[in-house]
Novice: 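Dumping the structure here so I can ask a few things about it.
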Amino acid sequence: MSESQLLPAVSSFLSSPRQLLIDGEWVDAKDGQTFDTVNPATEDVLVKVAQASAVDADRAVVAARNAFEAGSPWQRMTPRERSHLLWRIGDAIDERAEEFAQLESLDNGKSLASARGDVGVAAELFRYFAGWATKMEGTTIPMSVPGREFHAYTRREAIGVVAGIVPWNFPLTMAAFKIIPSITAGNTVVLKPAEQTPLTALYLGQLLLEAGVPAGVVNILPGFGDAGAALVDHFDVDKVAFTGSTEVGKKIAAGASKNLKKVSLELGGKAPNIIFNDADLEAAIAGAALAGYFNEGQCCVNGSRLYVQRDVFDEVIAGVAEAAKAIRVGDAFDPATTMGPLVSQEQHEKVMGYVRGAVADGATLAAGSPDPAADKGYFFSPTLITDVTEQMAVQTDEIFGPVITAIPFDTEDEVVAAANNTVYGLAAGVWSKDIGTAHRVGSKLRAGTVWLNTWHADDVTLPRGGFKQSGWGRELGSFGLDDYTELKTVIAELR
């Protein structure tokens with residue numbers, strides 16, 4: 001990537017330190033602290049960003065609470081006006097799609113083509129939820145008591161102040177996942193983007209202000225874990241919406257219990273991908289590569305555990321290895337690139353450590369290497385590992401890198417037991433031409449999303465979330481609003 005490739009708006013955005021968004025104003029952190037956000041392809045600093053502290057978290061929560069109170073401009077806005085606002089924001093994102101995509105690629109490392117897809121999802125999310133803003137209706141409930149008349153009904157109401165804490169793998173879309181349902185329901189938000197990738201969240205904040213979102217409705221606090229912890233602990237935060245690791249999710253659940261604030265969690269995954277011997281092997285091989293290597297492997301629903309029926313195991317492994325070797329690893333702005341770098345040095349070292357550990361434990365690399373794929377930047381080759389046991393860390397732990405482990409199986413019962421032998425339950429997949437087999441096995445898999453003869457097919461109208469330690473609640477679709485509202489029952493006696 002060269003400076004000449006950057007759009008003027010992106011160059012301008014990166015030309016000065018970025019600040020916090022609190023109460024409709026761009027402000028420095030109270031203590032003046034900043035941190036560097038780094039391009040993972042070059043290891044160069046992109047720009048300095050204000051580092052929010054617990055004091056800043058309190059400032060943002062106060063602003064969000066004031067914006068939520070009765071009589072504020074936000075509370076005077078009707079559901080129809082909120083709907084129009086959300087639609088306007090979606091269109092504005094589309095108009096600046098290339099600017100968002102360039103910032104996402106620079107900050108996260110993903111290819112420009114992949115980033116463009118993410119931006120399109122974010123825009124569509126705003127438009128989809130715009131339709132729900134006017135449809136959060138209650139229900140009239142029949143109630144009968146002899147000799148007395150009542151009118152009973154329910155209504156959906158906003159919870160209050162929502163703290164959204166998001167990861168670095170899909171920075172813009174994850175920010176949208178927290179902001180959109182919050183404001184659709186009439187809540188206010190304090191968003192804490194990941195410290196590795198704050199830029200598109202901040203650029204979105206700039207766009208929200210220009211679109212007419214009232215001051216204090218959306219506040220954005222780039223920073224580290226202490227800022228997120230302060231939001232979780234804050235007694236004036238009514239709900240925490242978190243996407244990230246199961247380990248951190250457990251800490252958030254414990255912290256939120258202090259005042260029993262509502263919590264929704266989309267956490268880790270270690271998805272099994274099962275290929276039967278009667279599958280369309282060409283499609284299954286391509287699907288297995290997509291399932292494991294999508295987004296540099298940094299995706300919680302990736303199919304990182306591959307199970308292949310024994311009599312086609314060698315053929316499938318050869319095909320997936322060939323697909324892995326064909327992936328072009330390089331700079332995100334190179335049109336030939338299909339896989340960018342991992343997001344950070346820390347993540348790069350983590351993934352290398354898992355692969356090296358597997359090799360030391362006797363596993364075999366069918367594709368890839370335990371070493372960096374380039375002298376500079378956090379590049380790592382798509383890796384396929386065989387001769388794996390169910391006890392190896394590479395098989396049990398969420399690695400969050402382009403690493404697939406492969407194990408042969410013989411029977412349906414055997415593979416279902418192995419697939420479900422995990423603390424996670426976010427996603428799973430089955431490949432078989434026999435539709436009965438596909439649906440039967442899919443119904444036995446303990447996961448929030450099960451793909452049959454495909455992977456990563458998705459839509460903003462569909463809910464997502466996990467079983468077991470992969471989280472609480474669901475995001476997107478009509479179900480995605482449930483965790484952002486309170487249900488009130490009203491009973492009136494008619495006299």
Side-chain angles (χ1 to χ4, degrees), residues 162-171 173-179 181-182 191-197 224-225 227-229 231-233 237 239-257 261-273 291-292 294-305 343-344 346-347 350-351 354 393-401 403 419-429 445-451 455-456 458 462-477 479-480 482-484:
V162 176
I165 304 174
V166 299
W168 41 257
N169 55 336
F170 294 93
T173 51
M174 288 294 103
F177 275 22
K178 309 310 180 195
I179 292 172
S182 296
L191 180 77
K192 211 295 276 182
E195 62 268 23
Q196 297 90 344
T197 54
F224 291 80
L231 293 173
V232 173
D233 290 340
V237 169
K239 171 187 166 60
V240 177
F242 172 74
T243 299
S245 72
T246 296
E247 178 185 359
V248 175
K250 291 177 179 179
K251 293 178 181 177
I252 287 173
S257 69
K261 57 172 60 72
K262 295 183 181 295
V263 177
S264 57
L265 305 167
E266 187 190 23
L267 305 179
K270 191 73 174 175
N273 187 13
F294 172 69
N295 204 57
E296 292 72 43
Q298 299 171 137
C299 182
C300 52
V301 296
N302 272 8
S304 54
R305 289 187 296 145
V343 73
S344 66
E346 177 185 10
Q347 189 65 18
K350 174 186 173 184
V351 175
Y354 272 107
V394 75
Q395 179 72 2
T396 60
D397 297 356
E398 184 181 39
I399 298 172
F400 234 58
V403 178
N420 286 334
N421 184 26
T422 174
V423 300
Y424 300 112
L426 200 57
L445 298 177
R446 299 284 295 162
T449 297
V450 177
W451 283 289
W455 204 284
H456 286 307
D458 209 353
L462 300 174
R464 63 176 66 192
F467 289 16
K468 299 188 280 189
Q469 293 185 35
S470 285
W472 293 346
R474 292 294 182 270
E475 292 187 304
L476 305 190
F479 304 92
D482 291 346
D483 287 332
Y484 291 85

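Every value quoted in this text rests on a predicted model; they were computed, and no experiment measured them. Quick note: residue numbers are just sequence positions, from 1.
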Novice: With the side chain counted from C-beta on, respond yes when Asn169 and Val343 share a heavy-atom pair under 4.5 Å apart, and no when they do not.
Specialist: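 They are not in side-chain contact.
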Novice: Under 3.5 Å, side chain of Thr246 to main-chain N/O of Gln469, donor-acceptor pair present?
Specialist: yes
Novice: Is it true that a side-chain atom of Glu398 and a backbone atom of Gly269 form a donor plus acceptor pair closer than 3.5 Å?
Specialist: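 Checking the backbone N and O of Gly269 against the side chain of Glu398, a donor-acceptor pair under 3.5 Å is found.
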Novice: Could you check, using the six-membered ring where one of them is a Trp, whether Phe242 and Trp472 have ring centers closer than 6.0 angstrom?
Specialist: no
Novice: Working to the nearest 0.5 angstrom, can you tell me the gap between Asp458 CG and Leu476 CG?
Specialist: 7.5 Å
Novice: When you measure from the side chain of Asn420 to the backbone N and O of Arg446, does any donor-acceptor pair fall under 3.5 Å?
Specialist: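 It does hold such a pair.
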Novice: Please name the pair of heavy atoms, one in Pro181 and one in Gly480, separated by the smallest distance, quoted to 0.1 Å.
Specialist: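 Nearest heavy atoms, Pro181 then Gly480: CB-O, 4.0 Å.
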Novice: Would you sort out whether Ile165 and Val232 count as a side-chain contact (heavy atoms from CB on, under 4.5 Å), showing the intermediate values?
Specialist: CA-CA 9 Å; Ile165 304 174; Val232 173; 3.9 Å; yes
Novice: So which heavy atom on Ala241 is nearest to which on Val162, and how close?
Specialist: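 Minimum heavy-atom separation between Ala241 and Val162: CB-CG1, 4.5 Å.
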Novice: Determine the minimum heavy-atom distance between Pro272 and Ala427, stating which atoms define it.
Specialist: CD-O, 3.4 Å
Novice: On the six-membered ring of Tyr484, is Lys239 placed so that its NZ or CZ lies under 6.0 angstrom from the centre and within 45° of the ring axis?
Specialist: yes
Novice: Would Gln395 and Lys270 count as having a side-chain donor-acceptor pair, cut-off 3.5 Å?
Specialist: no
Novice: Check whether any side-chain heavy atom of Val301 lies under 4.5 Å from a side-chain heavy atom of His456, and answer yes or no.
Specialist: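 Yes - at least one pair of side-chain heavy atoms lies under 4.5 Å apart.
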Novice: Can Phe479 and Arg464 be said to form a side-chain contact (heavy atoms from CB on, under 4.5 Å), step by step?
Specialist: CA-CA 9 Å; Phe479 304 92; Arg464 63 176 66 192; over 6 Å; no
Novice: Just by modelled atom types, is the Thr422 backbone N or O under 3.5 Å from a matching donor or acceptor in the Lys468 side chain?
Specialist: yes
Novice: Working note: Trp455 + Asn273, criterion side-chain contact (heavy atoms from CB on, under 4.5 Å); need CA distance, chi angles, decisive distance, verdict.
Specialist: CA-CA 9 Å; Trp455 204 284; Asn273 187 13; 3.3 Å; yes
Novice: Looking only at atom types and distance, does a side-chain atom of Asn302 sit under 3.5 Å from a main-chain N or O of Ala271, one as donor and one as acceptor?
Specialist: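 Side chain of Asn302 to backbone of Ala271: no pair is present.
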Novice: Heavy-atom distance under 4.5 Å between the side chains of Tyr354 and Val403, does that happen here?
Specialist: no
Novice: Any side-chain heavy atom of Cys300 within less than 4.5 Å of one from Phe400?
Specialist: yes
Novice: List the residues meeting side chain to side chain donor-acceptor pair (under 3.5 Å) with Gln298, not counting sequence neighbours, and say none if there are none.
Specialist: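 Counting only residues at least two positions away or on another chain, Gln298 forms no side chain to side chain donor-acceptor pair (under 3.5 Å).
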Novice: Roughly how far, to the nearest 0.5 Å, is OG of Ser264 from CG of Asp482?
Specialist: 11.0 Å
Novice: State whether the side chain of Ser470 and the backbone N or O of Gly268 hold a donor-acceptor pair below 3.5 Å, judged by distance alone.
Specialist: yes
Novice: Of Ile179, Leu191, Thr197, which is the lone residue that meets side chain to side chain contact (heavy atoms under 4.5 Å, CB included) with Val166?
Specialist: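 Going through the options one by one, the only one that passes is Leu191.
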Novice: Going by heavy atoms in the side chains, are Leu426 and Leu267 under 4.5 Å from each other?
Specialist: no
Novice: Checking Lys178 against Thr243 for the side chain to side chain donor-acceptor pair (under 3.5 Å) test, could you report, in this order, the C-alpha distance in whole Å, the side-chain angles of both residues, the deciding distance, and whether it holds?
Specialist: CA-CA 9 Å; Lys178 309 310 180 195; Thr243 299; 2.7 Å; yes
Novice: Can you tell whether the side chains of Glu266 and Arg474 come within less than 4.0 Å, N to carboxylate O?
Specialist: no
Novice: Return the CH2 to OG distance between Trp168 and Ser344, rounded to the nearest 0.5 Å.
Specialist: 6.5 Å
Novice: Checking Leu231 against Lys192 for the side-chain contact (heavy atoms from CB on, under 4.5 Å) test, could you report, in this order, the C-alpha distance in whole Å, the side-chain angles of both residues, the deciding distance, and whether it holds?
Specialist: CA-CA 9 Å; Leu231 293 173; Lys192 211 295 276 182; 4.1 Å; yes
